[in-house]
Trainee: 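Let me give you the structure first, and then I'll get to my questions.
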Amino acid sequence: MSLREFRKNLWKGRVRINIREKLELIVATRNRGKIREIREALKGLGLRLYALSDFDEIPEIEEDGKSFTENALKKARFYSKIFGKLTLADDSGLEVERLKGMPGIYSARYAGERASNRENNQKLLKEMEGIPLSKRRARFKCVMALVSPDGKEAITEGTCQGRIGMRQTGKRGFGYDPLFILPEYGKTMAQLPLKEKNRISHRGKALRKLRKTLRTFMGMVV
Ligand code: ITT
């Protein structure tokens, strides 16, 4: 068919071009570090990602669940209702063996309700004072919840083992990354480039497990 014929047929409605629109995904977080990592990990899926910080006056939700899973589901359900769109929520934190799993689900507010990363890290260092490196085992944990507007739900998890350093090292990442030593790298998480962090991190693992489900959900929504 010549270009001219094609144009004529298109005009007369004899041919139809199926342009698959990008599916919108709400990433229900205000944490910029998480958003960066999630964007990178979900590249190539043909999604248009929005974070809560892209909108004005979005209501906040109280994270009063007893586990990462409860909180992740609560966030994803709440915002998928508000937006009427496929929504992904991440609830994550640091579990320190010597502190019986603390700060855990309280990681974001370990040093107080609006605590900064620096304040949380300083509190952790104080709590761990005098404990040798061999007894500073910890893990990051991440639970991802995906909820579709018609109520379909999926959950994935990822963990990453390490140790709590004696001091903060590195400027990348966010949260407890400058204190989280990866023994096999001899570096903290805050010294790794984003792609490398995603390859080994709790969040990267949870997101890789979710890619297939995301595709299935996308197939249903589009
Ligand atoms: P949203 O609820 O808006 O997603 P948040 O930061 O409050 O943001 P969480 O309640 O899940 O999220 O708390 C996660 C905290 O755990 C986060 O603030 C960090 O202190 C810590 N954390 C989680 N993942 C981390 C990572 O990859 N590197 C360093 N710290 C991390």
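In listed order, ligands and their atoms are each counted from 1. If you're wondering where the values come from, they're calculated on a predicted model, not measured in any experiment.
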Trainee: Is there a donor in the side chain of Tyr185 and an acceptor in the side chain of Gln191, or the other way round, less than 3.5 Å apart?
Mentor: no
Trainee: Taking only residues two or more places apart in sequence, or in another chain, which ones meet Glu127 in a salt bridge (Lys or Arg N to Asp or Glu O under 4.0 Å)?
Mentor: none
Trainee: Can you sort out the partners of Arg137 under side chain to side chain contact (heavy atoms under 4.5 Å, CB included), two or more places apart, ordered by chain and number?
Mentor: Glu97, Arg163
Trainee: Might you confirm whether atom OH of Tyr106 has over 12 heavy atoms from other residues, nucleotides or ligands at distances under 6.0 Å?
Mentor: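 Open.
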Trainee: Report all side-chain donor-acceptor pairs from residues 43-55 shorter than 3.5 Å, counting only partners two or more places apart or in another chain.
Mentor:
residue : atom : partner : partner atom : Å
Lys43   : NZ   : Glu40   : OE1          : 3.1
Asp54   : OD2  : Ala51   : N            : 2.9

Trainee: Measuring from each atom of ligand 1, which residues have a heavy atom under 4.0 Å away?
Mentor: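 Lining ligand 1 at under 4.0 Å, by heavy atoms, one finds Thr29, Arg30, Asn31, Lys34, Glu63, Lys75, Asp90, Asp91, Ser92, Gly93, Ser107, Ala108, Phe140, Phe174, Gly175, Tyr176, Asp177, Lys197, His202, Arg203.
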Trainee: Knowing that exactly one of Ile155, Thr213, Leu210 qualifies, which makes a side-chain contact (heavy atoms from CB on, under 4.5 Å) with Met144?
Mentor: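 Of all the options given, the one that passes is Leu210.
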